[in-house]
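All residue numbers in this chain count up from 1 along the given sequence. Just so you know, these numbers use all the heavy atoms, side chains as well, and skip hydrogens, waters and symmetry mates. Keep in mind that what you see is a predicted model, and the values were worked out from it rather than measured.
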Amino acid sequence: QVQLVESGGGLVQAGGSLRLSCAASGRTFSSWAMGWFRQAPGKEREFVATISWSGGSVYSTDSVLGRFTISRDNAKNTVYLQMNSLKPEDTAVYYCAAAPTTTVVRDAIGVKYWGQGTQVTVSS
């Protein structure tokens with residue numbers, strides 16, 4: 001059974017940092033694109049960041065550029081999202097995603113597996 005399990009969410013003050021982790025099990029994702037999406041209350045799920053299988057290509061949405069960094073460790077079947085300079089508008093449930101492509105995943109349509117989500121709350 002394939003599972004993506006996120007961890008690292010929590011409550012942090014504005015300007016603080018969090019590091020999200022997504023541990024995959026049930027199969028290896030070393031040749032898959034991985035990504036992070038988020039969904040705030042009353043809003044649609046949106047793309048945050050993505051990384052190709054090799055880590056050679058990374059993309060982030062404009063609102064997190066320079067603050068969030070996505071990375072992966074294929075030996076551990078794990079992907080990370082380092083979030084710095086957090087803002088209240090970053091508050092959302094963050095989801096890990098896996099897509100069967102060697103490039104990147106920036107659209108939910110391409111996602112085959114989702115994690116259960118982890119809550120990130122940034123207080124002002």
Locate the shortest heavy-atom distance separating [X] from [Y]; write the atom from each residue and the value.
| X | Y | answer |
| --- | --- | --- |
| Leu86 | Arg67 | CA-NH1, 3.9 Å |
| Ser57 | Tyr59 | CB-CE1, 4.3 Å |
| Ile51 | Ser71 | CD1-CA, 3.7 Å |
| Leu4 | Cys22 | CB-SG, 3.9 Å |

Between [atom1] on residue [X] and [atom2] on residue [Y], distance to nearest 0.5 Å:
| X | Y | atom1 | atom2 | value |
| --- | --- | --- | --- | --- |
| Asn74 | Ser54 | CG | OG | 8.5 Å |
| Ser25 | Gln1 | OG | CD | 8.0 Å |
| Asn77 | Phe29 | CG | CZ | 6.5 Å |
| Leu81 | Leu18 | CG | CG | 9.5 Å |
| Trp53 | Ser30 | CH2 | OG | 8.0 Å |
| Glu46 | Thr61 | CD | OG1 | 6.0 Å |

Is it true that the NZ or CZ of Arg72 lies under 6.0 Å from the centre of Tyr80's six-membered ring and within 45 degrees of the ring axis?
-> no

Using the ring of each side chain (for Trp, its six-membered ring), is Tyr113 parallel, tilted or perpendicular to Trp32, with breaks at 30° and 60°?
-> parallel

Flag yes if Phe47 and Met83 sit in one hydrophobic cluster, no otherwise; membership is Ile, Leu, Val, Met, Phe, Trp, Tyr, and two members link when side-chain heavy atoms are under 4.5 Å apart.
-> no

Give a yes-or-no answer on whether the side chains of Asn84 and Ser17 include a donor-acceptor pair shorter than 3.5 Å.
-> yes

Verify the distance criterion only: is there a donor paired with an acceptor across the side chains of Glu89 and Thr91 at less than 3.5 Å?
-> no

Ignoring hydrogens and angles, tell me if any N or O in the side chain of [X] forms a donor-acceptor pair with the backbone of [Y] under 3.5 Å.
| X | Y | value |
| --- | --- | --- |
| Ser60 | Leu65 | no |
| Thr78 | Lys76 | yes |
| Glu6 | Gly117 | yes |

Do Phe68 and Trp36 have their ring centres less than 6.0 Å from each other?
-> no

